[in-house]
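As structure tokens, the structure follows; a few thoughts come after it.
Chain naming here is simple, since letters A, B, ... match the order of the sequence lines and numbering starts at 1 in each. Everything numeric in this text was worked out from a predicted model, so none of it was measured.
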2 protein chains.
Amino acid sequence: MDKQIHNRKLEQLITNGVPEDDHAKKISDFFKATGEPTRVKIILALSQTSLSVNEIAEILNMSQSGISHQLKTLRDARIVVGERLGKEVHYRLIDNHIVNIFEQVIKHADE
Amino acid sequence: MDKQIHNRKLEQLITNGVPEDDHAKKISDFFKATGEPTRVKIILALSQTSLSVNEIAEILNMSQSGISHQLKTLRDARIVVGERLGKEVHYRLIDNHIVNIFEQVIKHADE
DNA sequence: CAAACATATGCATGTCTGTTCATATGTTCA
DNA sequence: TGAACATATGAACAGACATGCATATGTTTG
């Protein structure tokens with residue numbers, strides 16, 4: 001009986017609390033994209049102003065190629081968007097949702 | 001001159017916008033801990049109720065060892081805390097900051 | 001104390017990922 | 001059109017990581 005109540009609690013969780021595999025993956029994909037120091041720096045830089053690829057590379061003192069790869073990861077996660085202006089592509093955060101999330105995490109990290 | 005203005009903008013960003021290496025790492029460490037489907041499921045399960053290690057393993061249909069390893073990662077990131085009650089250790093989210101962050105990310109992921 | 005149970009941890013392994021180098025693609029302008 | 005510049009992409013490699021197995025540690029109770 002105790003066991004049964006126990007199981008009912010878990011059943012409840014499985015059906016309501018824990019997401020399906022694809023949903024969990026979607027959520028973790030976002031976090032995975034933000035879970036790397038270089039990408040954190042890119043995002044925080046873009047929270048101030050939009051920047052070209054070379055500008056970001058200069059700020060972070062990294063190769064153009066490296067930054068471009070990371071921007072692809074951030075694009076795929078729908079965190080940044082790039083807009084071509086002549087030869088350059090200007091990147092910006094896709095919305096300020098992102099900034100809100102970072103503000104909360106920074107609070108948590110600094111605590 | 002154009003170049004100089006350009007550089008001033010970047011200087012500004014480097015000193016104000018972009019965090020130091022250790023700070024960026026702290027932030028990304030949080031995100032890294034949440035950037036994995038199993039850990040996302042654990043966190044969402046714990047957002048409903050506290051659970052023992054074996055209960056989590058049962059819910060997620062994974063080995064006890066695997067869950068324990070993941071819980072260590074989440075502990076290290078100060079996302080969960082465990083409290084020993086007899087033979088069992090009951091885990092819960094460290095605060096509801098975590099839930100807020102997840103709510104925002106889920107919104108972003110579902111959009 | 002010994003047996004049973006719950007959790008933690010070291011090791012091994014297959015997989016994933018961040019970075020650079022070289023090069024391709026796209027754009028401007030002379 | 002061709003040279004110069006900005007960005008993207010493929011390959012390769014080193015380092016990181018998730019998981020399971022075996023086992024150690026911690027806790028209760030008979």
Side-chain angles (χ1 to χ4, degrees), chain A residues 2-3 6-7 9-10 21 24-25 27-43 45-46 50-77 79-92, chain B residues 2-3 6-7 10 21 24-43 45-46 50-77 79-92:
Chain A
D2 185 41
K3 184 67 177 291
H6 178 76
N7 282 346
K9 167 180 156 192
L10 297 194
D21 279 4
K25 185 170 181 320
I27 297 168
S28 68
D29 279 347
F30 175 90
F31 284 122
K32 196 166 296 190
T34 57
E36 204 277 327
T38 299
R39 291 194 292 267
V40 164
K41 289 184 193 174
I42 293 175
I43 291 168
L46 292 179
S50 68
L51 292 164
S52 72
V53 179
N54 271 336
E55 284 176 326
I56 298 173
E58 190 177 343
I59 291 172
L60 302 191
N61 198 32
M62 278 185 55
S63 73
Q64 176 271 322
S65 168
I67 297 299
S68 192
H69 279 296
Q70 300 293 23
L71 285 170
K72 173 165 176 45
T73 300
L74 293 173
R75 256 185 287 130
D76 289 348
I79 290 174
V80 307
V81 282
E83 184 182 7
R84 191 172 265 281
L85 296 177
K87 290 185 281 196
E88 304 177 346
V89 177
H90 288 252
Y91 280 89
R92 56 181 168 81
Chain B
D2 185 40
K3 184 69 176 290
H6 177 75
N7 282 346
L10 297 193
D21 279 4
K25 186 170 181 319
K26 263 193 187 173
I27 298 169
S28 69
D29 279 347
F30 175 89
F31 284 121
K32 193 167 297 191
T34 57
E36 204 278 327
T38 299
R39 292 195 292 267
V40 164
K41 290 185 192 173
I42 293 175
I43 291 168
L46 292 179
S50 68
L51 292 165
S52 71
V53 178
N54 271 336
E55 284 177 326
I56 299 173
E58 190 177 342
I59 291 171
L60 301 191
N61 197 33
M62 278 184 56
S63 74
Q64 176 271 322
S65 168
I67 297 298
S68 191
H69 279 299
Q70 300 294 21
L71 285 170
K72 173 165 176 45
T73 301
L74 294 173
R75 256 186 286 131
D76 289 348
I79 290 173
V80 305
V81 281
E83 184 183 7
R84 191 172 265 281
L85 297 177
K87 290 185 279 197
E88 303 178 346
V89 177
H90 287 252
Y91 279 89
R92 57 182 169 78

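The salt bridge (charged side-chain N to carboxylate O under 4.0 Å, His left out) check on K72(A) picks up D76(A), with sequence neighbours excluded. For N61(B), there are no side-chain hydrogen bond (donor to acceptor under 3.5 Å, both in side chains) partners at least two apart in sequence or on another chain.
For DNA chain D, the residues of residues 79-88 of chain B within the heavy-atom distance limit of 4.0 Å (strictly under) are R84(B), G86(B), K87(B), sorted by number. Listed by residue number, K32(A), E36(A), T38(A), R39(A) are the residues of residues 31-40 of chain A with a heavy-atom contact under 4.0 Å to DNA chain C.
Distance I67(B) CD1 to dC17(D) C1': 16 Å, rounded to the nearest Å. Counting to the nearest Å, the C1' atom of dA18(D) and the CE atom of M62(B) are 8 Å from each other. Computed from coordinates, the D76(B) CG to dC17(D) P distance equals 12 Å when rounded to whole Å.
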Would you check, one step at a time, whether the test side-chain contact (heavy atoms from CB on, under 4.5 Å) holds for R39(B) with F31(A)? CA-CA 11 Å; R39(B) 292 195 292 267; F31(A) 284 122; over 6 Å; no
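Annotation for K26(B): atom NZ does not count as buried by contact number, only 12 or fewer foreign heavy atoms lying within 6.0 Å.
Counting only residues at least two apart or in different chains, salt bridge (Lys or Arg N to Asp or Glu O under 4.0 Å) contacts with residues 79-89 of chain B are absent.
When atom types are taken as modelled, the side chain of E55(B) and the backbone of S52(B) share a donor-acceptor pair closer than 3.5 angstrom.
Between A24(B) and P37(A) the shortest heavy-atom distance is CB-O, 4.1 Å. Of all the heavy atoms in I79(B) and I43(B), the pair that sits closest is CG2-CD1, 4.0 Å. Residues S28(A) and V40(B) come closest through the heavy atom pair CB-CG2, 3.7 Å. Between M62(A) and T38(A), the closest heavy-atom pair is SD-CG2, 3.6 Å.
For DNA chain C, the contact window with chain A, defined by any atom under 4.0 Å from a protein heavy atom, covers dT17(C) to dT28(C) in 5' to 3' order.
Between Q64(A) and Q70(A), the residue whose closest nucleotide on DNA chain C is further toward the 5' end is Q70(A).
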